[in-house]
Amino acid sequence: MKTIPIAGKQKLNVIKPQKNSDVYYSSQWRLMYHRLKKHKLARISLVILSLFYIAAIFAQFIAPYGLESYDSKYVNAPPAKVSFIDAEGKFQFRPFVYDLKSARDPVTLRKVFVPDEKVRHSIRFLVKGESYKFLGLIPTNRHLFGVDQPGRVFIFGTDGMGRDLLSRIVMGSQISLSIPLIGVTISFVLGLFIGGVSGYFGGWIDSVIQRFIEIIRSFPTLPLWMALSAAIPPRVPVVTMYIYIVIIFAFIGWTELARVARGKFISLKNEEYVLAAKIAGVSDAKIIIKHLLPGFISYLVVATTLAIPGMILGETAMSFLGLGIRSPATSWGVLLQEAQQIENVALYPWKLIPLGFVIVTVLTFNFLGDGLRDAADPYKK
């Protein structure tokens, strides 16, 4: 509180701005940022998602082995136990794993793997391995971690062909995490444009667009995915299949956002500032871009964030059913195909590890969407 003397009159008390008062004079996006920082689950989710996407970008560097690398000696090998203490109880400064040797279960006579404590493989960083192009540009053979040849390290175990599950999960994240983002981006543009035209102009245009949306939404989602993916030729290249899957998701996912955009445009187009812009001769395109969109763009960002988990589950379901990405390419849905058989799950439970990544990713996107929704709410303190 500061007192300012005024000649011939009583003193006027002026309240000085507080230290963080800039928050109350900030833009809408800055206000959302400050509210989002207070949402702990959203912050944690943002960190986890950032780590997942960083791992997807540098997947070939992080993965100790390539997609086509396999070893028939280690079919369905269990996850390796990383340790610092050897069989003699001595502490080792470098983490290591024991070699695996095959044996027979005395009861079921099934082939099992047991650690060979006589052979120890130290885990090293920046080791040489299979050649690849770093970020698709720089040829190299360095990997984040591994063991010296001829040793093998399987942190998450192997699949039915002796391929490292960790490497395939990291590689599969490139597809499972990128398809939803690209599909949602296309759906965002389509939904915003078509829904905006429908809500702003109204009349017969609105009726035609809404009837078309109702026809698309009347189809059950999973059968529609199956029908569209069945129309894709069975032996198309992996990149072409990737594009087809993105188009399928974008074609199905835009209708809900279009409905939301239509409702927002209808509620805002009769506001006084919009009518004033029309009287001033402002074009319809400028009114939509400059006056209407900023009024609910934060809500659209939240709706888009919450739509991503649905597309992740959709891609996983299609690949799981053999209708999406197919081998030799991989995704989290492709990796879960081996979990279709109950005996695989019972005997080799580590094959469900990709399911954990799907669950964590979907939950983090939902938590982040909840945080953005609370941050974008203008009535929330």
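One-based numbering along the sequence shown. Both backbone and side-chain heavy atoms feed into the values below; hydrogens, waters and symmetry mates do not.
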Review point. Within a radius of less than 6.0 Å around CD of Glu130, do more than 12 heavy atoms belonging to other residues, nucleotides or ligands occur?
Key: yes
Review point. Are Thr330 and Ile175 side-chain neighbours, meaning at least one heavy-atom pair lies under 4.5 Å?
Key: no
Exercise for review: Evaluate the criterion side chain to side chain contact (heavy atoms under 4.5 Å, CB included) for residue pair Ser69 and Arg152; output intermediate values, then yes/no.
Suggested key: CA-CA 11 Å; Ser69 176; Arg152 309 280 283 182; 3.7 Å; yes
Check your understanding: Would you say the side chain of Thr140 lies within less than 4.5 Å of the side chain of Tyr132, judging by non-hydrogen atoms?
Key -> yes
Practice item. List for me each residue that meets salt bridge (charged side-chain N to carboxylate O under 4.0 Å, His left out) alongside Arg124, sequence neighbours excluded, and say none if there are none. Key: Asp148
Check your understanding: Does Tyr348 belong to the same Ile/Leu/Val/Met/Phe/Trp/Tyr cluster as Val114, with side-chain heavy atoms less than 4.5 Å apart forming each link?
Key -> no
Point to revise | Members besides Val127 in its Ile/Leu/Val/Met/Phe/Trp/Tyr cluster (side-chain heavy atoms under 4.5 Å) | key: none
Ignoring hydrogens and angles, write down the donor-acceptor pairs under 3.5 Å from the side chains of residues 189-199, residues two or more places apart or on other chains.
residue, atom, partner, partner atom, Å
Ser198, OG, Asp206, OD1, 2.3
Ser198, OG, Gln210, NE2, 3.0

Do any side-chain atoms of residues 49-63 form donor-acceptor pairs under 3.5 angstrom with protein atoms, and if so which ones, sequence neighbours left out?
residue, atom, partner, partner atom, Å
Ser50, OG, Leu46, O, 2.7
Tyr53, OH, Leu177, O, 3.0

Review point. Which atom pair, heavy atoms only, marks the closest approach of Phe113 to Tyr74?
Key: CZ-CA, 3.8 Å
**Study point:** Spacing of Arg94 atom CZ and His121 atom NE2 [to the nearest 0.5 Å]
**Key:** 14.5 Å
Check your understanding: For Phe188, which residues count as a ring pair (Phe, Tyr, Trp, His ring centres under 6.0 Å) partner, sequence neighbours excluded?
Key -> none
Point to revise | Listed partners of Glu214 passing salt bridge (charged side-chain N to carboxylate O under 4.0 Å, His left out), at least two apart | key: Arg211, Arg259
Check your understanding: With hydrophobic residues grouped by side-chain heavy-atom distances under 4.5 Å, do Leu347 and Met161 end up in a single group?
Key -> no
Study note, to complete from the structure: d(Leu165 CG, Ile353 CD1) to nearest 0.5 Å is 5.5 Å
Review point. Is a side-chain donor or acceptor of Thr158 paired with a backbone partner of Ala77 at a separation under 3.5 angstrom?
Key: yes
Point to revise | Least distance between heavy atoms, Trp254 atom then Ser187 atom | key: CB-O, 3.6 Å
Review point. Pick from Ser178, Ser176, Ser173: which one makes a side chain to side chain contact (heavy atoms under 4.5 Å, CB included) with Ser331?
Key: Ser176
Review point. Transitively linked via ILVMFWY side-chain contacts under 4.5 Å: Ile44 with Val47?
Key: no
Check your understanding: Nearest heavy-atom pair of Asp164 and Pro64: which atoms, and what distance?
Key -> OD2-CG, 3.5 Å
Exercise for review: Specify the closest pair of heavy atoms between Trp332 and Val358, including all atoms of both residues, with the distance to one decimal.
Suggested key: CE3-CG2, 3.7 Å
Point to revise | Partners meeting ring pair (Phe, Tyr, Trp, His ring centres under 6.0 Å) with Phe367 (sequence neighbours left out) | key: none
**Study point:** Considering all heavy atoms, the nearest Val75-Gly160 contact
**Key:** CG1-O, 3.2 Å
Exercise for review: Give, for atom CD1 of Ile359 and atom CD1 of Ile312, the distance between the pair rounded to the nearest 0.5 Å.
Suggested key: 12.5 Å
Exercise for review: Might you confirm whether atom NZ of Lys38 has over 12 heavy atoms from other residues, nucleotides or ligands at distances under 6.0 Å?
Suggested key: no
Exercise for review: Indicate yes or no for a side-chain donor-acceptor contact from His39 to the backbone of Leu372 under 3.5 Å, with no hydrogens or angles considered.
Suggested key: no
Practice item. Using salt bridge (charged side-chain N to carboxylate O under 4.0 Å, His left out) as the criterion, list what pairs up with Lys90, not counting sequence neighbours. Key: Glu88
Exercise for review: Mind listing the closest non-hydrogen atom pair of Ser102 and Lys111 along with its distance?
Suggested key: CB-CE, 3.5 Å
**Study point:** Under the ring pair (Phe, Tyr, Trp, His ring centres under 6.0 Å) test, residues paired with Phe365 that sit two or more places apart
**Key:** none
Check your understanding: Pro115 versus Lys81: any side-chain heavy-atom pair under 4.5 Å?
Key -> no
Exercise for review: State the CG-CD1 distance between Leu268 and Ile288, to the nearest 0.5 angstrom.
Suggested key: 11.5 Å
**Study point:** Within one Ile-Leu-Val-Met-Phe-Trp-Tyr cluster: Phe156 and Tyr70, side-chain cutoff 4.5 Å
**Key:** no
Practice item. Count the heavy atoms belonging to other residues, nucleotides or ligands that lie under 6.0 Å from CZ of Phe145, then report whether that count exceeds 12. Key: yes
Practice item. Please check if Val112 and Leu100 belong to a single hydrophobic cluster, counting links between Ile, Leu, Val, Met, Phe, Trp and Tyr side chain heavy atoms closer than 4.5 Å. Key: no
Practice item. Kindly compute the distance separating CG (Leu181) from CD1 (Ile186), expressed to the nearest 0.5 Å. Key: 11.5 Å
Check your understanding: Should the pair Tyr200 and Phe265 be assigned to parallel (<30°), tilted (30 to 60°) or perpendicular (>60°) ring geometry?
Key -> perpendicular
Exercise for review: Please check if the side chain of Thr255 supplies one atom and the backbone of Arg217 the other of a donor-acceptor pair under 3.5 Å.
Suggested key: no
Exercise for review: Just jot down the salt bridge (charged side-chain N to carboxylate O under 4.0 Å, His left out) partners of Asp159, sequence neighbours excluded, or say none.
Suggested key: Arg163, Arg168
Practice item. Could you grab the distance from atom CD1 of Ile179 to atom CD1 of Ile308, nearest 0.5 Å is fine? Key: 13.0 Å
Check your understanding: For Phe84, which fellow cluster members are found when Ile, Leu, Val, Met, Phe, Trp and Tyr are connected by side-chain heavy-atom distances below 4.5 angstrom, either directly or through intermediates?
Key -> Ile85, Phe91, Phe93
Check your understanding: Residues in ring pair (Phe, Tyr, Trp, His ring centres under 6.0 Å) with Tyr98, at least two apart?
Key -> Phe96
Check your understanding: Are Lys351 and Asn76 close enough that some pair of their side-chain heavy atoms sits under 4.5 Å apart?
Key -> yes
